[in-house]
J.: 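One structure, as C-alpha cells, below. Some questions next.
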Amino acid sequence: MKITQVEAIHLRLPDVNERCDGSQETLVVKVHTDAGIVGVGEVDSSAHVAKAIIEAPVSHQICRGLALCVIGQDPFEIDRLIHRMYEGSIFFGRQGAAIQAISGIEIALWDILGKAVGQPVYKLLGGAFRKQFVAYASYLFGDTPEATEQSAVRLRDQGFRAVKFGWGPMGQSEALDLALVRAARRGLGDAVELMVDAGICWDAATAIRRARQFAEFNLTWLEEPLHPDDWDGYRRLCDSHPPMRIAAGEELCDVGEFDRLMDCGLDVVQVDVTRVSGLSRSKQIGWNSAKRRRLCVNHSYKTGINIAASLHFLAAIPNTHYFEYCVEQGALRQQLTRQRFPVTDGFISVPEEPGLGIELDEAIVERYRVA
Ligand code: MG
C-alpha cells in the first residue's frame with residue numbers, strides 16, 4: 001500500500017473569539033492510499049499554521065512540508081514515517097507547531113492500519129487495560145462565581161462523576177480565585193470530584209499559597225498553575241507538599257520535556273494525542289509515566305477525532321481511569337463525527353470498530369471549511 005495524497009482541511013466556526021475554547025476551529029487531516037483506504041487525523045494547534053506546515057513545498061533537504069515526506073510511502077511503516085517527517089522538517093520544526101502537525105498525519109496512519117486489518121487501534125497499540133473511563137466534564141469557569149455555580153449544578157445534574165473548571169477569570173485576585181473554586185464545589189456537592197485548571201496564571205509563590213487555600217475544596221488535581229517554561233516553579237510547588245495532585249503537560253510536544261516535568265515532581269501527566277506527534281509518542285510518554293507510578297490522562301478540547309484517538313491511547317496504558325471530556329457545545333465539538341461518544345452513568349467507552357472507529361459528517365466538514 002502507498003500513500004497518494006494528504007489533505008489538510010481547516011474548519012472554523014463563524015465567530016471565533018479569545019475565550020480559551022480550542023474547539024472553535026480545527027485542522028482535520030485525511031491521508032489517502034492507493035488501496036482506497038482513507039485515514040483521518042486531527043491537529044490541535046493554530047490550524048492555519050499547521051496546514052502550511054503540511055502543505056509547504058520543498059525548500060531543501062531538511063526543510064520540506066510534511067505531505068512531501070510521506071507521499072509514495074507505505075502507511076504501515078509508522079515509526080519510520082514519523083522519523084521522515086521529523087527529519088524533513090528540522091530546519092523549521094523539532095518543537096511546537098511542526099510536532100503538532102505531525103500528529104494529524106500519524107493518527108491518520110493508525111486509522112488506515114486499523115481499517116486495513118479490521119481491528120480497532122487500541123489493539124494495534126498493544127491491547128486494552130480498560131475500556132471504560134470516568135468522563136470528567138471539562139469546562140471553563142464562568143465570568144462570575146454565580147455563573148460557575150450554575151454550570152456546576154447543570155453538569156452534576158447531567159450525571160457526571162467528576163468535573164473540571166478552568167481558565168476564565170482565575171488569577172485576577174485571591175478573593176476571586178477562592179470564590180470561583182468555592183462556587184464550583186458548592187454547585188457540585190461533595191459527591192462529585194472537582195479538578196481545577198488554573199490556566200498558567202500564577203507565579204510559584206502564589207501557586208504554593210493557592211494550593212494550601214484550596215485544600216478545603218478537596219480537589220482531585222490542580223492543573224497548570226504555572227507557565228510551561230517555569231520548571232523551577234513546578235519543582236518548588238511539588239516540593240511544597242500540596243494537598244492535591246499537581247497536573248500539567250498540554251503545552252508540551254516533546255517526550256523529553258514530559259520526563260523533565262516528572263523530574264520536577266509532577267503527579268499527573270496530561271498528553272494531547274493531537275499535539276505530541278500522535279499515538280506512538282503518546283504511548284511512549286504514557287509508559288514513561290507508568291514506570292514512575294504517575295497518573296496519565298488525555299488533554300482533549302477538540303472534536304470527536306481527538307476523543308476517539310485519545311480513548312484508544314488511554315486504553316493501551318495501565319495508569320489511568322479518567323478521561324477529559326470537553327462539554328463545549330459548538331458544532332465542531334458536537335457534530336463533526338457521526339459518533340457522539342455518549343457518557344453513560346458517568347463513563348465513556350472505547351470504540352470497537354476498525355481503525356479509530358469514527359466517520360466524519362461530510363456536511364459539517366463542508367459547512368465549516370474555510371481552507
Ligand atoms: Mg488544561
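Atoms within a ligand are numbered from 1 in the order they appear, just like the ligands themselves.
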J.: Considering only N, O or S atoms, which atom of Glu250 is nearest to the Mg ion (ligand 1)?
T.: OE1
J.: Looking at the Mg ion (ligand 1), is there an N, O or S atom belonging to Glu224 that lies under 2.8 Å away from it?
T.: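 It does not; every qualifying atom lies at 2.8 Å or beyond.
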J.: Looking only at side chains, do Glu328 and Ser23 share a donor and an acceptor under 3.5 Å apart?
T.: no
J.: Between Phe214 and Trp202, what is the ring plane arrangement, given parallel below 30°, perpendicular above 60°, and tilted in between?
T.: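 Tilted, since the angle between the ring planes falls between 30° and 60°.
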J.: Tell me which N, O or S atom from Asp197 is the closest to the Mg ion (ligand 1).
T.: OD2
J.: Between Ile305 and Val40, is a side chain to side chain contact (heavy atoms under 4.5 Å, CB included) present by the stated rule, with each step listed?
T.: CA-CA 8 Å; Ile305 304 170; Val40 175; 3.7 Å; yes
J.: Looking only at N, O or S atoms, which one in Glu223 sits nearest to the Mg ion (ligand 1)?
T.: OE2
J.: Would you say the side-chain atoms of Lys283 pair up with the backbone N or O of Leu125, donor to acceptor, closer than 3.5 Å?
T.: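 Yes; judged by distance alone, with no hydrogens or angles, the pair exists.
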